[in-house]
Amino acid sequence: MKQQKKPSFLSAFTLLELSIVLIIMGVLLIPALNFLALSQKANKVIDTRNQLKVVYNALSSYYKTNNELPCPANITLDITHNNAGKEDCTLNYDIDSSGGDNDILYGAVPVDDIGLSFKYLTDAWGNKFSYYIRENATTGTMTGTTDMYTHNKNISRDDGGTVFVLISHGEDARGSYPKTGGNDPNSTAGATADELKNI
């Protein structure tokens, strides 16, 4: 006589057990995601600093070769425009409106003239670097003791020796010009006092 097999039942997690596992996984995943976000931000800061060093070195090399520095490029152009990244000495961006040898010109980095790719026109967040320069540095008529260095605090705290300033407006991009061009910079709402002075 044949014995009948007992029906076998599949064992499975209950809905409660699945919920508990998902909650535990979520709790463990949150710190990992936060770490990843902070790591990506830190990498962008490092990349931007490295880009600024490359631009600085290219400007220094240009100065050694030409005994002057290039004028800013038009900061309002889309980076795909033919003239984006080319110096334009006809631009009138005299931000201090004082006249004379210490006029400060403002625009984008003239990457085309200093032999850099368009990668160096924008920071790691995709916004254009701001390039401030004394007008007399673009004509080879600098006077007095003038050292070239970058300044990351406040453009108005000028000791008379600053030739040019390179600024990345950072993650919040306040006051920067987007790579797509346009006459209006990004909103300055919520900017810190130092950011507003830089802008």
Side-chain angles (χ1 to χ4, degrees), residues 39-89 91 93-95 101-173 175-179 181 185 194-195 197-199:
S39 176
Q40 287 176 335
K41 181 177 179 179
N43 286 340
K44 286 189 176 186
V45 169
I46 291 167
D47 288 347
T48 296
R49 285 183 181 159
N50 289 335
Q51 285 176 269
L52 285 170
K53 285 178 188 173
V54 169
V55 173
Y56 174 84
N57 289 334
L59 286 166
S60 298
S61 178
Y62 183 99
Y63 178 75
K64 287 174 187 169
T65 302
N66 300 289
N67 202 34
E68 63 184 30
L69 287 163
C71 294
N74 189 331
I75 203 164
T76 65
L77 296 177
D78 186 303
I79 65 167
T80 61
H81 192 281
N82 287 340
N83 291 325
K86 292 183 180 178
E87 77 168 321
D88 186 348
C89 295
L91 297 173
Y93 289 145
D94 178 8
I95 62 169
D101 287 341
N102 288 329
D103 285 354
I104 298 171
L105 306 177
Y106 164 69
V109 176
V111 291
D112 197 49
D113 298 276
I114 59 177
L116 295 178
S117 72
F118 274 68
K119 168 188 174 183
Y120 296 97
L121 194 60
T122 60
D123 60 20
W125 291 275
N127 295 295
K128 292 178 187 165
F129 289 117
S130 292
Y131 171 55
Y132 296 84
I133 184 166
R134 287 192 185 282
E135 186 176 28
N136 61 5
T138 66
T139 59
T141 59
M142 287 188 291
T143 56
T145 56
T146 312
D147 300 317
M148 296 199 313
Y149 60 91
T150 54
H151 197 303
N152 63 359
K153 290 288 184 186
N154 178 347
I155 188 73
S156 66
R157 292 182 62 191
D158 180 13
D159 63 359
T162 306
V163 176
F164 68 86
V165 177
L166 296 169
I167 296 176
S168 163
H169 294 268
E171 182 181 20
D172 61 13
S176 68
Y177 283 77
K179 62 183 175 183
D194 275 344
E195 285 175 321
K197 286 173 186 171
N198 284 340
I199 294 160

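Numbers here simply count residues along the sequence, with the first being 1.
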Exercise for the section: Could you give me the CA-CA distance, side-chain angles and deciding distance for Asp88 and Asn83, then say whether side-chain contact (heavy atoms from CB on, under 4.5 Å) is met? Expected result: CA-CA 9 Å; Asp88 186 348; Asn83 291 325; over 6 Å; no

Practice task
Determine the sole option in Asn57, Val54, Leu59 for which the side chain to side chain contact (heavy atoms under 4.5 Å, CB included) test with Leu116 is passed.
Solution key: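 So the option named by the test is Val54.
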
Between atom [atom1] of [X] and atom [atom2] of [Y], what is the distance when rounded to the nearest 0.5 Å?
| X | Y | atom1 | atom2 | result |
| --- | --- | --- | --- | --- |
| Tyr120 | Ile114 | OH | CD1 | 10.5 Å |
| Leu69 | Leu105 | CG | CG | 11.5 Å |
| Asn43 | Asn50 | CG | CG | 10.5 Å |
| His169 | Phe129 | NE2 | CZ | 10.0 Å |
| Tyr132 | Leu166 | OH | CG | 11.0 Å |
| Leu52 | Asp47 | CG | CG | 11.0 Å |

So do [Y] and [X] actually touch side chain to side chain, heavy atoms under 4.5 Å?
| X | Y | value |
| --- | --- | --- |
| Val109 | Pro70 | no |
| Lys128 | Ile75 | yes |
| Gln51 | Lys119 | yes |
| Pro72 | Tyr106 | no |
| Val55 | Phe164 | no |
| Tyr177 | Thr122 | no |

Minimum heavy-atom distance [X]-[Y], with the two atoms named:
| X | Y | result |
| --- | --- | --- |
| Cys71 | Pro110 | O-CG, 3.3 Å |
| Trp125 | Lys44 | NE1-CD, 3.5 Å |
| Asp123 | Ser168 | OD2-OG, 2.9 Å |

Problem - Backbone N/O of Thr76 and side chain of Asn74: donor-acceptor pair under 3.5 Å - result: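 Side chain of Asn74 to backbone of Thr76, a donor-acceptor pair under 3.5 Å: yes, one is there.
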
Handout entry: Sidechain-backbone polar pair: Thr138 side chain, Glu135 backbone, donor-acceptor under 3.5 Å
Key =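 Between the backbone of Glu135 and the side chain of Thr138 there is a qualifying donor-acceptor contact (under 3.5 Å).
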
Problem - Stepwise side-chain contact (heavy atoms from CB on, under 4.5 Å) test for Glu87 and Asp113 - result: CA-CA 7 Å; Glu87 77 168 321; Asp113 298 276; 3.6 Å; yes

